[in-house]
Amino acid sequence: MASAAWLAPGPVHRLQAGALTMDVAPAAGGRIASLASTGKDGQRIAWLAPMSEACLRDGFDGMTWPKTGCYPLLPFSNRIRDGRFQWGGREVRLASHPGQPHAMHGLAHARAWEVEQLSASSIVLGLRYVPQVDNWPWPFTATQTLLLSPTGLDAVMTLRNDGDTSMPAGGGFHPYIARTPGTRVQFDAATMWPTDAGEVAIRREPVTAREDFRAPRALPDAGLSVYYSDWRQQAVVAYEDGATLTLTADDPLDHFILHAPPGQPYVCLEPISHVADAINLAEQGWEGTGLRVLEPGEALSLRMRLRIHLED
């Protein structure tokens with residue numbers, strides 16, 4: 001039986017610009033289902049781990065989503081400890097994510113989005129959220145504008161507080177970037193937030209050699225998952241054939257997650273606006289969590305770019 005968060009299948013829109021194609025599945029949580037190009041030899045090159053035909057055809061549980069493509073993180077990123085926080089003199093309680101006590105990744109990725117504009121190389125998606133029991137208590141409107149060009153993707157998300165009180169806010173992008181043998185990653189980040197056993201951030205400290213990617217390096221076979229802040233808002237993924245994918249972001253996406261589980265054909269490089277559990281860490285007095293506040297009617301804009309270069 002389908003769960004309450006079941007995402008039914010819907011139309012998939014293919015955008016094209018030059019040799020690049022991108023499939024967008026609005027009903028599947030506003031997801032980019034694939035991003036690929038055709039090489040000079042006619043072979044298809046996947047830049048994001050592609051969503052399976054079965055998921056697109058049959059739908060899936062929005063709370064146990066496929067680890068593919070790219071989806072929106074709104075109105076918060078990552079985890080909120082035990083799904084609880086204090087705001088405006090009251091306790092807010094959110095539904096926990098299956099298999100853990102924490103709320104996770106907001107709710108935009110587990111709801112169908114609507115197409116507001118569509119062209120051969122661009123699409124605008126919209127989501128209007130009305131509060132529900134055990135979920136985010138503020139109404140909001142979100143949009144995604146995805147523009148494909150021959151050199152890559154420009155993605156902009158907006159989040160507007162439609163309520164009548166201030167709202168904690170944040171978000172980001174969750175791409176599953178294709179990982180092949182020999183893949184190397186480079187980015188510059190000065191700070192990290194270690195986690196407890198539940199993968200919730202607990203403090204802020206300088207990056208050590210284990211988490212340092214200032215020089216290009218291969219991802220460890222044993223896996224690595226780190227929350228960063230104070231990054232330079234650029235990450236480069238280099239492949240053995242000389243191709244590169246460069247991810248850049250603008251403020252307020254000044255936090256970053258590297259998630260590279262062992263034995264998987266992807267690495268997640270997530271530009272985000274705040275650390276996991278920012279709202280509770282800020283309440284405890286930690287600075288630099290990235291927590292934002294939207295007053296009624298205010299909006300937050302988040303921008304990510306992917307640039308692709310094939311070896312000549």
Side-chain angles (χ1 to χ4, degrees), residues 48 67 70-81 102 104-106 155 157 168-177 179 183-238 244-262 264 266-282 284-292 300 302-307:
L48 298 177
K67 306 300 189 288
C70 179
Y71 59 78
L73 300 168
L74 293 173
F76 64 88
S77 164
N78 213 276
R79 292 160 176 79
I80 294 178
R81 185 181 296 279
H102 314 303
M104 185 172 177
H105 283 351
M157 286 194 299
F173 299 86
H174 198 309
Y176 291 84
I177 296 171
R179 175 182 178 182
T183 298
R184 299 170 69 84
V185 174
Q186 184 275 325
F187 58 88
D188 188 347
T191 307
M192 67 175 185
W193 298 76
T195 66
D196 61 14
E199 297 184 75
V200 180
I202 54 176
R203 63 180 180 273
R204 178 177 177 169
E205 62 186 40
V207 166
T208 69
R210 176 178 176 270
E211 302 85 17
D212 189 352
F213 283 82
R214 285 176 292 180
R217 55 178 276 207
L219 296 163
D221 292 337
L224 186 64
S225 190
V226 185
Y227 304 150
Y228 296 92
S229 57
D230 303 317
W231 75 301
R232 296 290 183 89
Q233 295 174 300
Q234 176 174 291
V236 179
V237 183
T244 59
L245 182 150
T246 301
L247 181 156
T248 59
D250 293 341
D251 288 340
L253 297 177
D254 48 9
H255 288 246
F256 185 70
I257 294 176
L258 165 69
H259 177 57
Q264 296 299 322
Y266 63 79
V267 54
C268 297
L269 301 176
E270 307 166 39
I272 53 175
S273 65
H274 61 82
V275 71
D277 201 32
I279 193 165
N280 286 312
L281 289 169
Q284 294 166 20
W286 285 98
E287 296 182 353
T289 65
L291 178 67
R292 267 76 179 182
L300 183 69
L302 310 172
R303 183 185 182 100
M304 175 187 75
R305 291 172 294 276
L306 301 179
R307 290 293 178 263

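Excluded from the calculations below are hydrogen atoms, water molecules and symmetry mates; all remaining heavy atoms, backbone and side chain alike, are included. Everything numeric in this text was worked out from a predicted model, so none of it was measured.
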Mind checking the [atom1]-[atom2] spacing from [X] to [Y]? Nearest 0.5 Å is all I need.
X    : Y    : atom1 : atom2 : answer
L269 : R179 : CG    : CZ    : 10.5 Å
I177 : T183 : CD1   : OG1   : 10.0 Å
H274 : L281 : NE2   : CG    : 11.0 Å
I257 : S77  : CD1   : OG    : 4.5 Å
R305 : Q233 : CZ    : CD    : 9.0 Å
R303 : D250 : CZ    : CG    : 6.0 Å

Inset, instruction - Begin with the C-alpha distance, continue with both residues' side-chain angles, and end with the deciding distance and a verdict on side chain to side chain donor-acceptor pair (under 3.5 Å) for H259 and S225. - result: CA-CA 4 Å; H259 177 57; S225 190; 3.2 Å; yes
Donor-acceptor check, side chain of [X] to backbone of [Y], threshold 3.5 angstrom: yes or no?
X    : Y    : result
S273 : G171 : yes
R217 : D212 : yes
Y228 : E211 : yes
Q234 : T246 : no
W231 : D188 : no

Inset, instruction - Look at R292 together with D254 and state whether they make a salt bridge at an N to O cut-off of under 4.0 Å. - result: yes
Legend entry - Residues R81, D196: salt bridge by 4.0 Å N-O rule: yes
Which atom names give the shortest non-hydrogen contact between [X] and [Y], and what distance separates them?
X    : Y    : answer
A260 : V267 : CB-CG2, 4.0 Å
L48  : C70  : CD1-CB, 4.1 Å
G172 : L253 : CA-CD2, 4.0 Å
Y176 : K67  : OH-CD, 3.2 Å
S229 : A189 : O-CB, 4.1 Å
G170 : L74  : O-CD2, 3.7 Å

Legend entry - Passing candidate, ring-ring contact (aromatic ring centres under 6.0 Å, His included) with F256, options W193, F213, F187: F187
Inset, instruction - Kindly determine whether L224 and R210 satisfy side chain to side chain contact (heavy atoms under 4.5 Å, CB included), including the steps that lead there. - result: CA-CA 9 Å; L224 186 64; R210 176 178 176 270; 3.2 Å; yes
Legend entry - From N78, D277, T191, T195, residue fulfilling side chain to side chain donor-acceptor pair (under 3.5 Å) relative to Y227: N78
Inset, instruction - Taking atom CD of E205 as the centre, report whether more than 12 heavy atoms of other residues, nucleotides or ligands fall under 6.0 Å from it. - result: yes
Legend entry - Atom CG of D221 with >12 non-hydrogen neighbours under 6.0 angstrom: no
Legend entry - Under the ring pair (Phe, Tyr, Trp, His ring centres under 6.0 Å) test, residues paired with Y71 that sit two or more places apart: W65, H109, H174
Legend entry - L258 side chain reached by L219 side chain, heavy atoms, under 4.5 Å: yes
Inset, instruction - Determine whether M157 and L73 make a side-chain contact, defined as any pair of heavy atoms from C-beta on separated by less than 4.5 Å. - result: no
